[in-house]
Amino acid sequence: MGVLGTALKLIFLGITLLVTVMLIRTLTFPSQQPNVGKCSPEDADFIKLTDEMTKHFQEAIRIKTIAWSNTDIMLSGILDMHTLLERAFPLVHSSKLIKKEAINTYSLLYTVDGSDPSLTPYMLTAHMDVVPVDQQVWDVPPFEGRIVDGFLYGRGTIDNKNSVMGIMEALEFRLKSGNLPVRSFYIGLGFDEEVAGYQGAGEISKALAARGVRLEFLLDEGSTILKGAFRGIESPIALVSVAEKGAVTLNITVEAIATGHSSMPGKESNLGLLAKALSRLEANPHPSMFGRGPEKGLMEAIASEAVFPLKFVLTNLWFFGPVVSWIMSMKPSTNALIRTTTAVTMVSGGTKINVLAPLGWGIVNHRIHPTQSIEEVVNYDKMLVGDERVNLTRYAVWDIDPSPTSPYGDDVYGYQVVARSIKQVFPDAIIAPSVMIGNTDTKFYWNMTDQIYRFCPTLMVQSDLARFHGLNERMSLKNIQATVNFYYHVMANADSKEVFSKHAHTDEL
Ligand SMILES: *[C@@H]1O[C@H](CO)[C@@H](O)[C@H](O)[C@H]1NC(C)=O
Ligand SMILES: *[C@@H]1O[C@H](CO)[C@@H](O)[C@H](O)[C@H]1NC(C)=O
Ligand SMILES: *[C@@H]1O[C@H](CO)[C@@H](O)[C@H](O)[C@H]1NC(C)=O
């Protein structure tokens, strides 16, 4: 009893100590949110959405700029976009500070000269092309630019004519108010992002590289502001993507077993081996990388803004990390953030009902976590399959290693420019680093800066995500106004020479 009693006491003491330490951590966990005032309609530099601005957005939606494939893009629509921009933004197109170039005929590159040439320029990018619409009927036609119940409907409203028009509108406003840029910057508008971007952003980046351009940071289209996506968090979360997942596709082929009549089969068949390999790959997910990539930063950014008991968990990831990882792996959308995903997408084999198939093949598509590489993923698959008779061949089309992860945090200039601008326009939003599952044009700019951010200032709910490339793509007029103001603040904040002052809590020390 004596020994047991002492042991119990020690355990109790240990647990009390642990909980105390964790509580202290929870209570003192620093907020990562930028400390800035919000932009309000009374401000002299608040941009109120005018009928004219709305009209510009509508016109942009009416111009069809569909990209079906890299050899099939509605190029006349792209040129119509050039004309629209010229007409809608006369100051941008007449200012002595701005040089406009058509790159590879269809892309646009604007060089905006700031007053202080000692500052490294930054770059804003977007794309003019849109994905096709399928046969299904939209509630509102996709190319009419119609406004219904406060929403502008149409292909391109959230992907990505919103950025094209928002950037231009903000710059026009700045020029009109005589508030000239201090830091130089580039605006790059591609025309084939939806079909890999090689002719558009690919050529813009080559032109810039030839001029030896280095960038302080780059902001492209990307993730949005989601409300209600995380249980236990009331505030909308502004996801600033600091990395993109990679992709690798494998063609798993089996032709090791001789074909023959099905009346005298051997113990194994090509199709049986293929099925076994595919089911092993599906049943054994790649390991969780939770804690090694930006998803940890995401949880920590949310942590200080959460309430008990979630706050207790998120501020103590050193202890609860495995539990959070396990919870995240339950839902496909959060599972995709923490690991390399595996999807079996095609399978084929056999020619006749009574002939052993000479060949079986299946396609496995992986989206690679930012901390892994194509090579690691392929090796892991080979280990899982563990059968020399099964061939894993890279399909190669669209394979891409994950992007480098851009830095984020208090002392990172580009991240703070973006974060502060979001906070000014969306004061309720929690700003957090994230990872894009899809790919953007940013791969062409990896060599020019390590600060690449992917973000669109669009407040939406989870179900709106289906509108990307889907039915009834739309943007509220409120979001359009916010978009213009966001880019305006990016331009204003980027004029600052240095990283902004730290948060109040760090100054107090
Ligand atoms: C996979 O490989 C097999 C064998 O070479 C080939 O017949 C099949 O077309 C390939 N699948 C794809 C989608 O390329
Ligand atoms: C694997 O693929 C290679 C090249 O396509 C082929 O020569 C070889 O026979 C295949 N091996 C097996 C075991 O299927
Ligand atoms: C970046 O630099 C590397 C090494 O010089 C080069 O191989 C690569 O093609 C460059 N990437 C781009 C997109 O220019």
Rounded to the nearest 0.5 Å, what separation is found between the [atom1] atom of [X] and the [atom2] atom of [Y]?
X: Asp113; Y: Phe185; atom1: CG; atom2: CZ; value: 10.0 Å
X: Asp129; Y: Glu194; atom1: CG; atom2: CD; value: 5.5 Å
X: Leu108; Y: Met81; atom1: CG; atom2: CE; value: 9.0 Å
X: Ser373; Y: Asp401; atom1: OG; atom2: CG; value: 6.0 Å
X: Glu216; Y: Tyr122; atom1: CD; atom2: OH; value: 11.5 Å
X: Ile103; Y: Glu203; atom1: CD1; atom2: CD; value: 8.5 Å

Looking at side-chain heavy atoms only, is the closest gap between [X] and [Y] below 4.5 Å?
X: Leu85; Y: Val164; value: yes
X: Phe191; Y: Leu79; value: no
X: His286; Y: His366; value: yes
X: Leu124; Y: Met491; value: yes
X: Leu281; Y: Val344; value: no
X: Glu169; Y: Ile47; value: no
X: Thr224; Y: Phe468; value: yes
X: Tyr186; Y: Leu215; value: yes

Candidate pair Asp399 and Ile374, rule side chain to side chain contact (heavy atoms under 4.5 Å, CB included), full reasoning: CA-CA 8 Å; Asp399 281 6; Ile374 291 178; 4.2 Å; yes
Donor-acceptor side-chain pairing of [X] and [Y] below 3.5 angstrom:
X: Asp159; Y: His127; result: yes
X: Ser69; Y: Asp72; result: no
X: Glu86; Y: His93; result: no
X: Lys161; Y: Thr65; result: yes
X: Ser223; Y: Ser434; result: no
X: Glu305; Y: Ser31; result: yes
X: Gln424; Y: Asn493; result: yes
X: Arg454; Y: Thr442; result: yes
X: Glu244; Y: Thr440; result: yes
X: Asn365; Y: Thr249; result: yes
X: Thr458; Y: Asn479; result: no
X: Tyr488; Y: Asn179; result: yes

Please walk me through it: do Ser406 and Gln451 pass side-chain hydrogen bond (donor to acceptor under 3.5 Å, both in side chains)? CA-CA 5 Å; Ser406 297; Gln451 295 190 20; over 6 Å; no
For Glu193, give me all partners under salt bridge (charged side-chain N to carboxylate O under 4.0 Å, His left out), at least two apart in sequence or on another chain.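 None.
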Under the salt bridge (charged side-chain N to carboxylate O under 4.0 Å, His left out) rule, collect the residues that match up with Lys497, sequence neighbours excluded.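 Result, salt bridge (charged side-chain N to carboxylate O under 4.0 Å, His left out) vs Lys497: Asp116.
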Derivation and outcome, salt bridge (charged side-chain N to carboxylate O under 4.0 Å, His left out), residues Arg467 and Glu473: CA-CA 5 Å; Arg467 298 178 197 272; Glu473 186 179 343; over 6 Å; no
Under 3.5 Å donor-acceptor, [X] side chain and [Y] backbone:
X: Asn439; Y: Lys245; value: yes
X: Ser94; Y: Pro90; value: yes
X: Lys227; Y: Ile237; value: no

Do you know the tightest heavy-atom contact between [X] and [Y]?
X: Ala243; Y: Ser403; result: CA-OG, 3.3 Å
X: Arg174; Y: Pro181; result: NH2-CA, 3.7 Å
X: Gly77; Y: Ile63; result: O-CG2, 3.2 Å
X: Leu189; Y: Met128; result: O-CE, 3.6 Å
X: Gly114; Y: Ser184; result: N-OG, 2.9 Å
X: Ile431; Y: Ala419; result: CD1-O, 3.4 Å

Check the pair Tyr395 / Leu250 against side chain to side chain contact (heavy atoms under 4.5 Å, CB included), numbers first and verdict last. CA-CA 5 Å; Tyr395 180 67; Leu250 294 169; over 6 Å; no
Start with the C-alpha gap between Ile66 and Ile73, add the side-chain angles, then the distance that decides, and say whether side chain to side chain contact (heavy atoms under 4.5 Å, CB included) holds. CA-CA 6 Å; Ile66 299 172; Ile73 301 170; over 6 Å; no
Where do Glu101 and Arg211 land on the salt bridge (charged side-chain N to carboxylate O under 4.0 Å, His left out) test, with the steps shown first? CA-CA 14 Å; Glu101 295 164 86; Arg211 297 170 201 180; 2.6 Å; yes
So for atom [atom1], which belongs to [X], do other residues, nucleotides or ligands contribute more than 12 heavy atoms lying within a distance under 6.0 Å?
X: Phe320; atom1: CZ; answer: yes
X: Tyr198; atom1: OH; answer: no
X: Trp398; atom1: CH2; answer: no
X: Trp68; atom1: CH2; answer: yes

What class does the angle between the rings of Phe217 and Tyr413 fall in, given that below 30° is parallel, 30 to 60° is tilted and above 60° is perpendicular? tilted
Determine, step by step, whether Lys443 and Asp220 satisfy the salt bridge (charged side-chain N to carboxylate O under 4.0 Å, His left out) criterion, reporting the C-alpha distance in whole Å, the side-chain angles of both residues, the deciding distance to 0.1 Å, and the verdict. CA-CA 11 Å; Lys443 59 178 173 287; Asp220 193 19; over 6 Å; no
Could you give me the CA-CA distance, side-chain angles and deciding distance for Tyr408 and Tyr453, then say whether ring pair (Phe, Tyr, Trp, His ring centres under 6.0 Å) is met? CA-CA 9 Å; Tyr408 49 90; Tyr453 305 102; 8.8 Å; no
I'd like to know whether Tyr106 forms a ring pair (Phe, Tyr, Trp, His ring centres under 6.0 Å) with His82, so could you lay out the CA-CA distance, the side-chain angles of the two residues, the decisive distance to 0.1 Å, and finally the verdict. CA-CA 8 Å; Tyr106 300 103; His82 295 196; 7.2 Å; no
Please test Thr483 against Ser163 for side chain to side chain contact (heavy atoms under 4.5 Å, CB included), starting from the C-alpha separation and ending with a verdict. CA-CA 7 Å; Thr483 300; Ser163 297; 5.8 Å; no
